[in-house]
J.: 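Next up is a structure, given as structure tokens.
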Amino acid sequence: MTSLTIRRPDDWHLHLRDGDMLRGVLPETARDFARAIIMPNLVPPVVTAKDAAAYRDRIMAALPKGSDFQPLMTLYLTETTDPADVAAAYADGLINAVKLYPAGATTNSASGVKDITAVMPVLEKMAQIGLPMCVHGEVTDADVDIFDREAVFIDTKLNPLRQRLPELRIVMEHVTTKDGIDYITAADQNLAGTITTHHLIINRNHLLVGGIKPHYYCLPVAKREEHRLALRKAATSGDSRFFLGTDSAPHTDPNKLCDCGCAGVFSATNTMACLAHVFEQDGALENLESFASLNGPAYYGLPVNDATLTLTKHDTAVNFPAKIETGEGPVTLFDPGFALFWSTS
Ligand code: DOR
Ligand code: ZN
């Protein structure tokens, strides 16, 4: 039996939803993680400081007794967002980032940004005060192939924005391509990337070969194997610009298994077991702590957690539930496609 104790990890990209779903999934994250950046794509979205304060209260009320999990709130950037409201929310310690969704890019992104020039006053204010912007980096043009949307976003949106406003601190969320990894690696400042657990494990064949697997459908969609290998290399390298953002995104089974299934992989429950497996397989267990617990706080300018998490490797496979039951219905847990031998405590 092997064990590894690391600083308690944080999840730098998480969907918790609201109401019964929030109550169902929050304990799954709070078990292993000290903090998480909470995505604001509710319906309606979390747009103002007032929305964020109310949502934070609902999250705190849904926490299991005794949990000291801390939600790190974000605002959903719209073309009518008020820079002064954003700045005040940051000054009050209420938010840690603002999220840019290109309108139509993904789940509940209809109120997102169509024209980046419309939000420049907000972005300029953020650059000035050091408030990071998290970005869903995919273009939405109907004539751009879904597998190319991240690479095209980097060339046509992200790079021009960074040239125009180099002081803005950006997190490129859920990087799925070698293009994204190379772009972040080449940047000299103010750019980092989160990587999900599932994109380290599945490529597009897992999604589509031998029958369609709706539970592997997410956005950005998984790419070809060479991209997955580039993500693995970046995540396991210890490079401080890459850190964990699970993008754990619960949808009930009826909403996944239908004619127009929702995008999202729910991985909160077994993420640390999956990551220990991946890092061990790549001979990089010593870098798991950097990826999951150190690099994120450093980029966000926050202290690392005092508490620790111990990962224990067992001789026999550890059983995780296939589904989490929530008040809204069952949510299927990410299946890495191999047995897991690590548990957390
Ligand atoms: O797969 C995804 N699910 N990607 C996103 O960007 C949004 C998320 C969700 O909210 O379900
Ligand atoms: Zn997300």
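All ligand and atom numbering here is 1-based and tracks the order in the structure.
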J.: Indicate, as side chain, backbone, both or neither, the part of Asp247 found under 4.0 angstrom from ligand 1 when only non-hydrogen atoms are considered.
T.: side chain
J.: Output yes when the distance from some N or O of ligand 1 to some N or O of Gly264 is under 3.5 Å, and no in every other case.
T.: yes
J.: Under 4.0 Å from ligand 1, counting heavy atoms only, is it the side chain of Asn108, its backbone, both or neither?
T.: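 Neither; nothing of Asn108 gets under 4.0 Å from ligand 1.
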J.: Answer side chain, backbone, both or neither: which part of Lys99 comes under 4.0 Å from ligand 1, heavy atoms only.
T.: neither
J.: If the cut-off is 2.8 Å, does any N/O/S atom of His136 fall short of it from the Zn ion (ligand 2)?
T.: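 It does not; every qualifying atom lies at 2.8 Å or beyond.
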J.: Which of the atoms of ligand 1 are close to Leu219, meaning less than 4.0 Å from one of its heavy atoms?
T.: 1 (O), 2 (C), 4 (N), 5 (C), 6 (O)
J.: Under 4.0 Å, counting heavy atoms only: does His251 come that close to any atom of ligand 1?
T.: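 Checking ligand 1 against His251, which is what was asked, there is a heavy-atom contact under 4.0 Å.
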J.: Do Arg35 and Phe69 form a cation-pi contact, if we require the NZ or CZ to be under 6.0 Å from the six-membered ring centre and within 45 degrees of the ring's axis?
T.: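 No, Arg35 and Phe69 do not form such a contact.
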J.: Could you list which atoms of ligand 1 come closer than 4.0 Å to a heavy atom of Cys218?
T.: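 Per the distance check, 1 (O).
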J.: To the nearest 0.1 Å, how far is atom 7 (C) of ligand 1 from its closest protein heavy atom, and which atom is that?
T.: Thr106 OG1, 3.2 Å
J.: Look at Asp20 together with Arg23 and state whether they make a salt bridge at an N to O cut-off of under 4.0 Å.
T.: yes
J.: Does Glu138 come within less than 4.0 angstrom of ligand 1, counting non-hydrogen atoms of the residue?
T.: no
J.: Give the contacting part of Ala249 toward ligand 1: side chain, backbone, both or neither, where contact means a heavy-atom distance below 4.0 Å.
T.: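 For Ala249, only side-chain atoms sit under 4.0 Å from ligand 1.
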J.: Can you tell me if an N/O/S atom from His174 lies under 2.8 Å from the Zn ion (ligand 2)?
T.: no
J.: Determine which of the N, O or S atoms in Asp247 is closest to the Zn ion (ligand 2) and give its atom name.
T.: OD1
